[in-house]
There are 2 protein chains.
Amino acid sequence: MVGDVGDLYQALADHTRRLILDELTERDGQTLFEICGRLATKHQVTSSRQAISQHLDVLEAAGLVVTRRQGRYKFHHLDTRPLRAVTERWLRSAEPTQENP
Amino acid sequence: MVGDVGDLYQALADHTRRLILDELTERDGQTLFEICGRLATKHQVTSSRQAISQHLDVLEAAGLVVTRRQGRYKFHHLDTRPLRAVTERWLRSAEPTQENP
DNA sequence: ACCATATGCAAGTGACGGCTTGCCTATCAA
DNA sequence: TTGATAGGCAAGCCGTCACTTGCATATGGT
């Protein structure tokens, strides 16, 4: 197996990892160095390259990121399908605008 | 303010807290003792009452649970509206059943 | 071959989170 | 008032997590 249910929520628990998902949403298929650069310039993330690499490993284990090697580059692609589990678990029957008595 | 964006994901990061949300989805407005009982019998959660109480505090800080006092009882109600932030952040343009090439 | 680029592996550290333990407060019924 | 029920506060322990540091591997250009 590639990861249990808890890995998804664990992956989302970190601020930097959520920023990585934001960046991949804006521009899919970036390399590690591209992501590092964007996090530093746009979000003032001062973490080292290894830290970002470890974050990407967590995101990949959660199924939110899939990687594709090409030569010495490794491109990271976003996969938002696991996120639907969140919606389907608790938002099933709730109405968007519900009044409380 | 009642909590920043990160509190929501932090609240979802714990397994026991997700089980609490499950139980409140199935039966809304339970007391602390009711939740403790259901977690113990249905999910083999051996945590103490104080542990569950602290979990409920985290869920309330994240805006996922709202409480209502009545005498010596404190009823916990589910509010799933904060969960929509997850959908709107990363699932904006993705289609529900999308094929990958 | 040589060097720069792009990434990987592994050990160590500091802080935060989940849990327990112990005691305290508040409400209701007899 | 007394006792039982429902919940709250606070300190401490321990494991996990994010991060750094140092070194290693692999690809591409010259």
Side-chain angles (χ1 to χ4, degrees), chain A residues 3-24 27 29-41 43-62 64-77, chain B residues 3-24 27 29-41 43-62 64-77:
Chain A
D4 61 38
V5 190
D7 290 346
L8 169 63
Y9 300 96
Q10 287 287 343
L12 294 175
D14 186 81
H15 172 65
T16 303
R17 283 198 289 269
R18 294 194 296 272
L19 288 179
I20 292 175
L21 295 181
D22 290 341
E23 286 307 309
L24 287 180
R27 188 171 189 276
Q30 296 187 61
T31 67
L32 171 60
F33 270 44
E34 285 179 298
I35 296 171
C36 286
R38 285 177 167 245
L39 289 178
T41 61
H43 303 283
Q44 289 79 39
V45 174
T46 62
S47 303
S48 67
R49 172 184 60 84
Q50 286 81 351
I52 308 299
S53 177
Q54 288 168 9
H55 281 312
L56 287 169
D57 289 342
V58 174
L59 290 172
E60 187 171 13
L64 290 167
V65 162
V66 290
T67 59
R68 169 175 59 92
R69 272 215 96 108
Q70 189 169 355
R72 58 176 161 180
Y73 299 105
K74 185 178 183 182
F75 299 102
H76 299 79
H77 296 266
Chain B
D4 62 39
V5 191
D7 290 347
L8 169 63
Y9 300 96
Q10 287 287 343
L12 294 175
D14 187 81
H15 173 65
T16 303
R17 283 198 289 270
R18 293 194 297 271
L19 288 179
I20 292 176
L21 295 180
D22 289 341
E23 286 308 309
L24 288 179
R27 187 171 190 275
Q30 296 188 60
T31 67
L32 171 60
F33 271 43
E34 286 178 298
I35 295 172
C36 286
R38 285 178 168 244
L39 289 178
T41 60
H43 302 282
Q44 290 79 39
V45 173
T46 61
S47 303
S48 67
R49 173 184 60 85
Q50 286 82 351
I52 308 299
S53 177
Q54 289 167 9
H55 281 311
L56 287 170
D57 290 341
V58 175
L59 290 172
E60 187 171 13
L64 290 167
V65 163
V66 291
T67 59
R68 172 175 56 92
R69 272 215 94 108
Q70 189 168 354
R72 59 176 160 176
Y73 299 104
K74 185 178 182 183
F75 299 102
H76 299 79
H77 296 267

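In what follows, chains carry the letters A, B, and so on, assigned in the order in which the sequence lines appear, proteins first and then strands, with residues in each chain numbered from 1. Computed from heavy atoms alone, side chains included, the values below leave out hydrogens, waters and symmetry copies.
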For B:Ala13, does its backbone N or O pair with a side-chain atom of A:Gln10 as donor and acceptor, under 3.5 Å? yes

Beyond-backbone contact of A:Thr16 with A:Ile52, side-chain heavy atoms, under 4.5 angstrom: yes

Examine C:dG17: is either OP1 or OP2 under 4.0 Å from a nitrogen or oxygen in the side chain of B:His55? Give yes or no. no

Mind checking if A:Phe33 touches a base, just sugar-phosphate, or nothing, with heavy atoms under 4.0 Å? base

Rounding to an integer number of Å, can you tell me how far B:Leu12 CG sits from C:dG18 P? 12 Å

Look at the side chain of B:Arg69 and decide which nucleotide, out of D:dT20, C:dA6, D:dG8, has an atom nearest to it. D:dG8

B:Arg17 vs C:dG18: side-chain N/O to OP1/OP2 distance below 4.0 Å: yes

Less than 4.0 angstrom between a side-chain N/O of A:Ser48 and OP1 or OP2 of D:dC19, yes or no? no

Spell out, as yes or no, whether a donor-acceptor pair under 3.5 Å connects the side chain of A:Ser53 to the backbone of A:Arg49. no

Integer-rounded Å distance: C:dC16 P and B:Asp7 CG: 14 Å

Under 4.0 Å from OP1 or OP2 of C:dT7: is there any side-chain N or O of A:Ser53 that close? no

Taken to the nearest whole Å, CD/A:Gln30 to P/C:dT7 is 11 Å

Using whole Å, what does the distance between atom C1' of nucleotide C:dA29 and atom CZ of B:Arg72 come to? 8 Å

Side-chain heavy-atom pair B:His43, B:Glu23 within 4.5 angstrom cut-off: yes

Expressed as a whole number of angstroms, how long is the span from A:Tyr73:OH to C:dT7:P? 8 Å

Mind checking if B:Gln10 touches a base, just sugar-phosphate, or nothing, with heavy atoms under 4.0 Å? nothing

Any donor-acceptor pair, under 3.5 Å, between the side chain of A:Gln54 and the base of D:dT20, if you only look at N and O atoms? yes

Taking atom C1' of C:dG8 as reference, at what distance in whole Å does atom CG of A:Leu32 sit? 10 Å

Quick one: is A:His15 getting a side-chain N or O under 4.0 Å of the D:dA18 phosphate, OP1 or OP2? no

Counting only side-chain N and O atoms of B:Lys74, is one of them less than 4.0 Å from OP1 or OP2 of D:dG8? yes

Of all the choices, D:dA18, C:dA6, C:dT20, which nucleotide is nearest to the side chain of B:Gln50 once you look at every atom? C:dT20

CG of A:Asp14 versus P of C:dG17: gap in Å, rounded? 12 Å

Separation of atom CZ in B:Arg49 from atom C1' in C:dC23, rounded to whole Å: 11 Å

Residue from A:Arg18, A:His15, A:Arg17 passing side chain to side chain contact (heavy atoms under 4.5 Å, CB included) with B:Tyr9: A:Arg18

Compare side-chain N and O positions of B:Thr31 against OP1 and OP2 of D:dA6 and report whether any pair is under 4.0 Å apart. no

